[in-house]
Engineer: 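Starting off with a structure, shown below.
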Amino acid sequence: MNFYKSGKWKKKRAAVLRRDKYECRECKRYGKAVQANTVHHVYPLELYPDRKLDSNNLISLCNGCHEAMHIRNSHELTDKGKAWIKRLEKYF
């Protein structure tokens, strides 16, 4: 079963969006209020499956910021994605 279709993920995703007030956390860093529609795994799911439902590893993002966090096909993090790992290191 696809993880993103699971009930656990849907419940966690909704909780993270609520926690972040449905605002993109990256845009908010620059004083912009942009609606978030995606929940992003800061430490990539493929590399850190044990953190897949950890609220500390999840942030709400708009589609544009989500695309800027990693290279789609390789899951390689961009500089923006790596910067978020640095911000969240204290939780892990």
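Reckoned from all heavy atoms, side chains included, excluding hydrogens, waters and symmetry mates. Throughout, numbering of the chain's residues begins at 1 and tracks the sequence. Everything quoted here is computed from the prediction, not taken from an experiment.
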Engineer: Work out which heavy atom in Asn37 is nearest to a heavy atom in Arg13; give both atom names and the distance.
Structural biologist: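 Of all heavy-atom pairs spanning Asn37 and Arg13, the closest is O-NH2, 2.7 Å.
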
Engineer: Would a distance-only check, ignoring hydrogens and angles, find a side-chain to backbone donor-acceptor pair under 3.5 Å from Lys12 to Leu53?
Structural biologist: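 Side chain of Lys12 to backbone of Leu53, a donor-acceptor pair under 3.5 Å: yes, one is there.
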
Engineer: Between NZ of Lys28 and CG of Asp20, what distance do you get to the nearest 0.5 Å?
Structural biologist: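 That separation rounds to 8.0 Å.
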
Engineer: Okay, side chain of Asn56, backbone of Leu88: is any donor-acceptor separation there less than 3.5 Å?
Structural biologist: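 No.
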
Engineer: If you take the centroid of each ring, where Trp contributes its six-membered ring, are Trp84 and His70 closer together than 6.0 Å?
Structural biologist: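 Judged by ring-centre distance (under 6.0 Å), His70 and Trp84 do not meet the cut-off.
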
Engineer: Would you say the side chain of Pro44 lies within less than 4.5 Å of the side chain of Leu77, judging by non-hydrogen atoms?
Structural biologist: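 The answer is yes, as the side chains (C-beta and beyond) meet within the 4.5 Å cut-off.
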
Engineer: Partners of Tyr48 by ring pair (Phe, Tyr, Trp, His ring centres under 6.0 Å), sequence neighbours excluded?
Structural biologist: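 Checked Tyr48 against ring pair (Phe, Tyr, Trp, His ring centres under 6.0 Å); matches are Tyr43.
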
Engineer: Under 4.5 Å between side-chain heavy atoms, counting indirect links through other Ile/Leu/Val/Met/Phe/Trp/Tyr residues: same cluster for Leu45 and Phe92 or not?
Structural biologist: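 Unlinked, Leu45 and Phe92 end up in two clusters.
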
Engineer: Is there a side-chain contact between Asn63 and Thr38 in this structure, where contact means two heavy atoms from C-beta onward sitting under 4.5 Å apart?
Structural biologist: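 Touching, per the 4.5 Å side-chain cut-off.
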
Engineer: What distance do His40 atom NE2 and Cys65 atom SG have between them, rounded to the nearest 0.5 Å?
Structural biologist: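 Going from the NE2 atom of His40 to the SG atom of Cys65 covers 10.5 Å.
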
Engineer: Check Phe3 against Lys52 and note the closest heavy-atom contact, atom names and distance.
Structural biologist: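 For Phe3 and Lys52, the tightest heavy-atom pair comes out as CE1-CD, 3.6 Å.
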
Engineer: Go through it in stages, so that I can follow the logic: the residues are Arg87 and Arg29, the test is side-chain contact (heavy atoms from CB on, under 4.5 Å), and I'd like the CA-CA distance, side-chain angles, deciding distance and then a yes or no.
Structural biologist: CA-CA 12 Å; Arg87 282 184 207 101; Arg29 293 182 61 241; 2.8 Å; yes

Engineer: Would a distance-only check, ignoring hydrogens and angles, find a side-chain to backbone donor-acceptor pair under 3.5 Å from Asn57 to His41?
Structural biologist: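 Checked: no pair found.
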
Engineer: Please find the pair of heavy atoms, one from Cys62 and one from Cys27, that lie closest to each other, and give the distance.
Structural biologist: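 Between these two residues, the closest heavy atoms are SG-SG, 3.9 Å.
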
Engineer: Ignoring hydrogens and angles, tell me if any N or O in the side chain of Thr78 forms a donor-acceptor pair with the backbone of Met69 under 3.5 Å.
Structural biologist: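 Between the backbone of Met69 and the side chain of Thr78 there is a qualifying donor-acceptor contact (under 3.5 Å).
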
Engineer: Is it the case that atom CD in Gln35 sees more than 12 heavy atoms from other parts of the structure closer than 6.0 Å?
Structural biologist: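 At most 12 heavy atoms, drawn from other residues, nucleotides or ligands, come within 6.0 Å of this atom.
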
Engineer: Has Arg19 got a side-chain atom pairing as donor or acceptor with Ser55's backbone, closer than 3.5 angstrom?
Structural biologist: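 It does hold such a pair.
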
Engineer: How many angstroms lie between atom CG of Asp79 and atom NZ of Lys86, to the nearest 0.5 angstrom?
Structural biologist: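 Output value for this atom pair is 12.5 Å.
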
Engineer: Of all heavy-atom pairs between Ser60 and Val16, which one has the smallest distance, and what is that distance?
Structural biologist: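 Residues Ser60 and Val16, closest heavy atoms: OG-O, 3.4 Å.
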
Engineer: Taking a hydrophobic cluster as the set of Ile, Leu, Val, Met, Phe, Trp and Tyr residues connected by side-chain heavy atoms closer than 4.5 Å, whether directly or through intermediates, do Leu58 and Leu47 fall within one such cluster?
Structural biologist: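 Not linked; separate clusters.
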
Engineer: Heavy atoms, side chains only, cut-off 4.5 Å: are Val42 and Tyr91 in contact?
Structural biologist: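 In short, these two side chains do not touch, never coming nearer than 4.5 Å.
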
